[in-house]
Trainee: 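Sending over a structure as structure tokens; questions will come in a sec.
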Amino acid sequence: RHTVNGGPMQQGLHFRQSFAPNCAHDSIKCTVSLASAKSYKGIGIADIENAFQTIIHFSDSPDKQTFATVPQYFEQWYCERYRIKFPGPAKECVIPLFTNMQGQKDAGPLCYELILKVMIKYDFVRSPVDYGCFSKSYPEGIAYVLVSTDDFLCLFPTMSQYDNFL
């Protein structure tokens, strides 16, 4: 993410809750150059399909749960769909809503938090300079995974390492 003048955005200055580190353009150029110079074979792009549609945030905290009143005709639909009696007068009922991450202000950080945990679990190290860059040492060389929200640029010394990563 960059500002209008092309400079990098900073959490707390340009935005607050929607922060999710993306690798910098310079990191991409340097890492691709290194991989090219070392003739890396395992190079590819990976994507978490529908990351924000499929990650559902469940909350046990009553103050974080969201409820909606039962919409008109819901009782009829429910009874026809499940072939059971509706559990009370519709006008007196509410439905708990599960919120998926898409559209929430904390969607980016929640997605990144999950990515970070997975990368650390598989022995990748996050760059102290660019939080969108991860690396892992192999006998054949260093593998790099560059993150941009839910997209990954993967650079591995061998194709089998790349395949195993996926």
Side-chain angles (χ1 to χ4, degrees), residues 1-68 95-166:
R1 296 179 177 168
H2 288 78
T3 58
V4 175
N5 71 3
M9 294 175 74
Q10 296 175 14
Q11 182 182 12
L13 176 61
H14 300 106
F15 53 91
R16 302 219 185 296
Q17 292 178 315
S18 65
F19 178 67
N22 291 300
C23 59
H25 293 131
D26 288 341
S27 296
I28 295 170
K29 291 187 278 187
C30 290
T31 308
V32 169
S33 295
L34 279 170
S36 177
K38 295 182 178 269
S39 301
Y40 275 26
K41 304 293 184 218
I43 298 175
I45 296 171
D47 177 47
I48 302 174
E49 284 189 21
N50 298 320
F52 299 111
Q53 288 88 2
T54 58
I55 299 175
I56 298 176
H57 178 70
F58 296 97
S59 175
D60 293 331
S61 173
D63 62 327
K64 288 188 177 182
Q65 288 183 335
T66 306
F67 295 89
I95 303 170
L97 301 177
F98 299 115
T99 56
N100 56 353
M101 288 176 40
Q102 186 173 14
Q104 293 182 330
K105 287 185 178 182
D106 60 351
L110 288 173
C111 184
Y112 180 76
E113 185 179 311
L114 179 61
I115 291 168
L116 179 60
K117 286 178 184 177
V118 170
M119 296 301 281
I120 289 171
K121 179 180 178 181
Y122 290 98
D123 300 321
F124 280 83
V125 177
R126 180 176 68 178
S127 166
V129 177
D130 187 340
Y131 285 5
C133 297
F134 295 87
S135 62
K136 180 178 180 177
S137 292
Y138 288 94
E140 300 84 1
I142 299 172
Y144 301 96
V145 176
L146 309 176
V147 179
S148 179
T149 310
D150 64 342
D151 299 311
F152 302 86
L153 174 59
C154 306
L155 306 146
F156 285 78
T158 69
M159 194 63 192
S160 64
Q161 292 162 343
Y162 174 67
D163 288 339
N164 288 335
F165 173 74
L166 296 178

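For the single chain, residues carry numbers from 1 onward in sequence order.
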Trainee: Counting N and O atoms only, with roles assigned by atom type, does the side chain of Ser36 sit under 3.5 Å from a partner on the main chain of Val32, one being a donor and the other an acceptor?
Mentor: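 Between the backbone of Val32 and the side chain of Ser36 there is no qualifying donor-acceptor contact (under 3.5 Å).
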Trainee: Would Val147 and Phe134 count as a side chain to side chain contact (heavy atoms under 4.5 Å, CB included) here? Give the steps.
Mentor: CA-CA 8 Å; Val147 179; Phe134 295 87; 3.7 Å; yes
Trainee: Report yes if the distance between the aromatic ring centroids of Phe165 and Phe124 is under 6.0 Å, otherwise no.
Mentor: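 Ring-ring flag for Phe165/Phe124: true, centres closer than 6.0 Å.
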Trainee: Using every non-hydrogen atom in the two residues, find where Cys154 and Tyr162 come nearest and quote the distance to one decimal.
Mentor: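 Reported closest heavy-atom pair: CB-CE1, 3.4 Å.
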Trainee: Measure the spacing between CD of Glu140 and OG1 of Thr158 and express it to the nearest 0.5 Å.
Mentor: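 So the CD of Glu140 and the OG1 of Thr158 are separated by 5.5 Å.
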Trainee: Can Tyr40 and Ile142 be said to form a side chain to side chain contact (heavy atoms under 4.5 Å, CB included), step by step?
Mentor: CA-CA 10 Å; Tyr40 275 26; Ile142 299 172; 4.3 Å; yes
Trainee: Can you measure from CG (Leu155) to OG (Ser33) and round to the nearest 0.5 angstrom?
Mentor: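 Here the rounded value is 10.5 Å.
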Trainee: Kindly write out the residues that satisfy side chain to side chain contact (heavy atoms under 4.5 Å, CB included) with Ile45, not counting sequence neighbours, or none if the list is empty.
Mentor: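 Only Leu153 meet the side chain to side chain contact (heavy atoms under 4.5 Å, CB included) criterion with Ile45.
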Trainee: Step by step, would you call Cys23 with Ile28 a side chain to side chain contact (heavy atoms under 4.5 Å, CB included)?
Mentor: CA-CA 7 Å; Cys23 59; Ile28 295 170; 3.6 Å; yes
Trainee: When you compare the side chain of Val145 with that of Met119, does any pair of heavy atoms fall below 4.5 Å?
Mentor: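 The answer is yes, as the side chains (C-beta and beyond) meet within the 4.5 Å cut-off.
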Trainee: In the structure I gave you, are the side-chain heavy atoms of Ile115 and Phe152 within less than 4.5 Å of one another anywhere?
Mentor: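 Counting from C-beta outward, Ile115 and Phe152 do come under 4.5 Å.
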Trainee: Decide yes or no on side chain to side chain contact (heavy atoms under 4.5 Å, CB included) for Leu34 and Tyr144, but give the supporting numbers first.
Mentor: CA-CA 10 Å; Leu34 279 170; Tyr144 301 96; 4.0 Å; yes
Trainee: Taking the side chain from Lys136 and the backbone from Tyr122, do they hold a donor-acceptor pair closer than 3.5 Å?
Mentor: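 Here the side-chain-to-backbone pair exists.
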Trainee: If I compare all heavy atoms of Cys133 with all of Leu146, which pair ends up nearest, and what's the gap?
Mentor: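 In this case the closest contact between Cys133 and Leu146 is SG-CD2, 3.4 Å.
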Trainee: Roughly how far, to the nearest 0.5 Å, is the OH atom of Tyr131 from the CZ atom of Arg126?
Mentor: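 Between atom CZ of Arg126 and atom OH of Tyr131 there are 4.5 Å.
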Trainee: Could you tell me whether the side chain of Gln161 reaches within less than 4.5 Å of the side chain of Tyr138, counting heavy atoms only?
Mentor: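 In contact.
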Trainee: Test your reading of the model: is there a side-chain donor-acceptor pair from Asp151 to the backbone of Asp47, 3.5 Å cut-off?
Mentor: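 Checking the backbone N and O of Asp47 against the side chain of Asp151, no donor-acceptor pair under 3.5 Å is found.
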